[in-house]
Amino acid sequence: VQLQASGGGLVQPGGSLRLSCAASGSIFSINHMGWYRQALGKQRELVAVISGGGTTNYVDSVKGRFTISRDNAKNMVYLQMNSLKPEDTAVYYCNADILYSSGGYYSRREYWGQGTLVTVSS
């Protein structure tokens with residue numbers, strides 16, 4: 001099982017970006033999926049999370065600007081980021097709680113994507 005994140009880049013303040021994250025492998029089901037970020041010199045923080053049933057939660061600093069969504073058929077999670085600010089600059093990581101099959105058994109663990117850099121600058 002692996003997560004592959006994409007969609008980062010350089011954007012001007014006030015601009016938008018959409019991050020995508022695809023989960024692949026011997027996946028039976030995915031519980032919650034989320035996005036974290038880590039700015040230079042800071043700890044990693046949770047940005048947004050979406051449950052298997054579609055309930056969402058956001059860190060206060062992105063509420064009203066970011067939207068997390070998922071496509072269960074494709075095992076994907078997205079983060080639409082609007083009205084971006086310089087303080088949103090960070091490496092963004094996707095995360096998922098996955099039930100997978102291996103050797104005839106089912107196991108569950110959290111997986112992380114490789115990170116995608118978002119830079120908000122003029």
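Residues: numbered from 1 along the sequence shown.
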Transitive ILVMFWY cluster of Tyr93 at side-chain heavy atoms under 4.5 Å: who else is in it?
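Tyr93 shares its hydrophobic cluster with Tyr36, Leu46, Val49, Val91, Trp112, Leu117.
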
Supply the members, apart from Phe28, of the Ile/Leu/Val/Met/Phe/Trp/Tyr cluster built from side-chain contacts under 4.5 Å; use none for a lone residue.
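Its cluster partners, ordered by chain and number, are Leu99, Tyr106.
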
Minimum heavy-atom distance between [X] and [Y], given as atom pair plus value:
{"X": "Asn72", "Y": "Gly52", "value": "ND2-O, 4.0 Å"}
{"X": "Ile30", "Y": "His32", "value": "CG2-O, 4.1 Å"}
{"X": "Ala23", "Y": "Ile98", "value": "CB-CD1, 4.3 Å"}

Quick test of your reading: applying disulfide bond (SG atoms under 2.5 Å apart), list the pairs with at least one residue in [range], sequence neighbours left out, ordered by first then second residue.
{"range": "residues 24-82", "result": "none"}
{"range": "residues 45-86", "result": "none"}
{"range": "residues 66-122", "result": "Cys21-Cys94"}
{"range": "residues 48-86", "result": "none"}

Report, as yes or no, whether the 6.0 Å neighbourhood of atom CD on Glu87 holds more than 12 heavy atoms from other residues, nucleotides or ligands.
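More than 12 within 6.0 Å, yes.
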
With no hydrogens and no angle check, is any side-chain donor or acceptor of [X] less than 3.5 Å from a backbone partner on [Y]?
{"X": "Tyr58", "Y": "Arg65", "result": "no"}
{"X": "Gln114", "Y": "Ala5", "result": "yes"}
{"X": "Ser51", "Y": "Thr55", "result": "yes"}
{"X": "Thr119", "Y": "Leu10", "result": "no"}

Can you name the salt bridge (Lys or Arg N to Asp or Glu O under 4.0 Å) partners of Arg18, sequence neighbours left out?
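Counting only residues at least two positions away or on another chain, Arg18 forms no salt bridge (Lys or Arg N to Asp or Glu O under 4.0 Å).
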
Taking only residues at least two apart or on different chains, which pairs with a member in [range] satisfy salt bridge (charged side-chain N to carboxylate O under 4.0 Å, His left out)?
{"range": "residues 100-122", "value": "Asp97-Arg108"}
{"range": "residues 29-56", "value": "Arg37-Glu45, Arg37-Asp88"}
{"range": "residues 48-57", "value": "none"}

Would you check if Val118 and Leu17 make a side-chain contact, meaning some heavy-atom pair closer than 4.5 Å?
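Counting from C-beta outward, Val118 and Leu17 do come under 4.5 Å.
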
If we only count heavy atoms from C-beta on, is the Tyr92 to Val47 side-chain gap below 4.5 Å?
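In contact.
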
The criterion is side chain to side chain contact (heavy atoms under 4.5 Å, CB included); which residues satisfy it with Ser102, sequence neighbours excluded?
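Ser102: side chain to side chain contact (heavy atoms under 4.5 Å, CB included) contacts with Tyr100.
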
For residues 74-86, please give each side-chain donor-acceptor pair under 3.5 Å, one per line with the distance, not counting sequence neighbours.
unit_1: Gln80; atom_1: NE2; unit_2: Asn82; atom_2: OD1; d: 2.9
unit_1: Asn82; atom_1: OD1; unit_2: Ser16; atom_2: OG; d: 2.9

How many angstroms lie between CZ in Phe66 and OG1 in Thr56, if you round to the nearest 0.5 Å?
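One finds 14.0 Å between CZ of Phe66 and OG1 of Thr56.
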
